[in-house]
Protein chains: 2
Amino acid sequence: MRGMSLRIALLGLLTAYGSASGYDLAKSFEKSVAHVWQAGHSQIYPELAKMAADGLVTVEAEGARGRKIYTITAEGRAELREWLLGHDPTGPARSEVALQAFLIPLLDAPEAVAVLERFRAHSEQKLVQLEALWTAKHSAPIPEGTARVKFGNLALDLGIRQTRMVLKWADDAIAEIRAQS
Amino acid sequence: MRGMSLRIALLGLLTAYGSASGYDLAKSFEKSVAHVWQAGHSQIYPELAKMAADGLVTVEAEGARGRKIYTITAEGRAELREWLLGHDPTGPARSEVALQAFLIPLLDAPEAVAVLERFRAHSEQKLVQLEALWTAKHSAPIPEGTARVKFGNLALDLGIRQTRMVLKWADDAIAEIRAQS
DNA sequence: AGGTGACATGTCAGTGCTTACATGTCAATA
DNA sequence: TATTGACATGTAAGCACTGACATGTCACCT
């Protein structure tokens, strides 16, 4: 029951889209889910095959160019629900940014400031992207179904707050280092 | 040059401690670095062996009970410095919490609130732990060497801000869902 | 003397994930 | 008609990581 997050992400996308091919799902991973989870097609295709073997999805049809269209089954929906409701989010807490933050005090003041300023710049850039996504979502011309529109909004909000927080943290850290020297 | 974060973490700890055994480092991973990076002894021992082979660390002495004491070399210090100064923090962005956040809109309102409230509780608990660590660090009786005391403070601050942010996010999300129903 | 438990180091199987390789279809355009 | 490029699916090698297995030392307690 551990490390099945890819499975869950795929089930979630299939629920949202109704049905989709591996190719579609891979595209979704590049776009909508990207800030939250990553996976390449070489991971997605075998996982979909395993999920089909486990009865969580079915191949409804085969379209042009060998396109396989997957749909979530009742069993799949149950699995997703169970995970969402019952999964304790004890994340592995493995962040390169945090590791770098941890080690920064090993550097001298000017170097530390340089690293923190790179963090700052990076965060600022990411913030622009996420806020663009946000306004795009909230000024969508004609919403096609409520679930589709709302889907991913909470996570986007979380991402924006996260990025703002890192920005502020870097600013404060820079200020404090400068005050000490 | 990718995914060498375990190496970096070990080099950082060796720099801070002067020298340490694999066992000591494994203990450190359970404590100080835990919020930032995780690794078990089964990963640490082979990695130290590889690092020794690559000339980044040396076995200075063998103590009681087969205890091997590692020290960082000049080459190791160079590697660490290079990583800290030159590494672009393009984290893999793989967070189970964020994934759950992404999928919450698939649930109905009461269920969503339940999940968010679990997030909230979890964050609150973690916040208590981190703040206890913070005050413990800042009321340390007799600081043994400045570097040792400051080490990890930036990361702890980041962790606390992060946890507060998630808490606030969950609160706001709950409030918004309740307002809509 | 025997047992318990912390200290200390390792291996191994299995899974997750990345990068690169490999194959083939179809539509548009030069 | 040939070629390009998006569509579409897969496999395989290799590194990262987890959890379980395995071994042995030493100090302390009974």
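Convention: sequence-line order gives letters A, B, ...; per-chain numbering from 1. FYI, side chains are in, hydrogens and waters are out, and symmetry mates aren't considered; it's all heavy atoms of this structure.
- Residue Met4(A) contributes atom CE, which lies 13 Å from atom P of dT15(C) at whole-angstrom precision.
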Sub-3.5 Å pairs of nitrogen or oxygen atoms, protein against nucleotides 7-10 of chain C:
| residue | atom | partner | partner atom | Å |
| --- | --- | --- | --- | --- |
| dC7(C) | OP2 | Tyr23(B) | OH | 3.2 |
| dC7(C) | O4' | Arg65(B) | NH1 | 3.4 |
| dA8(C) | OP1 | Arg67(B) | NH1 | 3.1 |
| dA8(C) | OP2 | Arg67(B) | NH1 | 2.9 |
| dT9(C) | OP1 | Lys68(B) | N | 2.8 |
| dT9(C) | OP2 | Tyr23(B) | N | 2.6 |
| dT9(C) | OP2 | Tyr45(B) | OH | 2.9 |
| dG10(C) | OP1 | Lys68(B) | NZ | 2.4 |
| dG10(C) | O6 | His41(B) | NE2 | 2.8 |

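- Spacing between atom CZ of Arg7(B) and atom C1' of dC17(D) amounts to 16 Å, rounded to whole angstrom units.
- Contact check on Arg164(B) versus Glu124(B) returns no salt bridge, with no Lys/Arg side-chain nitrogen under 4.0 Å from an Asp/Glu carboxylate oxygen.
- Summarising the geometry, the separation between CG on Leu99(A) and C1' on dA16(D) is reported as 15 Å, rounded to the nearest angstrom.
- For the OP1/OP2 pair of dT18(C) and a distance below 4.0 Å, the side-chain nitrogens and oxygens of Gln43(A) include at least one atom meeting the criterion.
- Under a 4.0 Å N-O distance rule, the pair Glu62(B)/Arg67(B) does not qualify as a salt bridge.
- A straight line from CE of Met51(A) to C1' of dG16(C) spans 15 Å, rounded to a whole angstrom.
- Between Arg94(B) atom CZ and dA16(D) atom P the separation is 14 Å, expressed in whole Å.
- Interatomic distance, CZ of Arg118(A) versus CG of Leu85(B), reported as 7.5 Å (0.5 Å rounding).
- Under the 4.5 Å side-chain heavy-atom criterion for Ile, Leu, Val, Met, Phe, Trp and Tyr, Trp169(B) and Leu167(B) are members of distinct hydrophobic clusters.
- dG16(C) atom P lies 14 Å from atom CG of Leu48(A), rounded to whole Å.
- Using modelled atom types and a 3.5 Å distance limit, the side chains of Ser19(A) and Glu60(A) yield no donor-acceptor pair.
- Rounded to an integer number of Å, the gap from Lys50(A) NZ to dT9(D) C1' is 17 Å.
- The separation between Ile44(B) atom CD1 and dG19(D) atom C1' is 15 Å, rounded to whole Å.
- Other residues, nucleotides and ligands place no more than 12 heavy atoms under 6.0 Å from the CD atom of Glu82(B).
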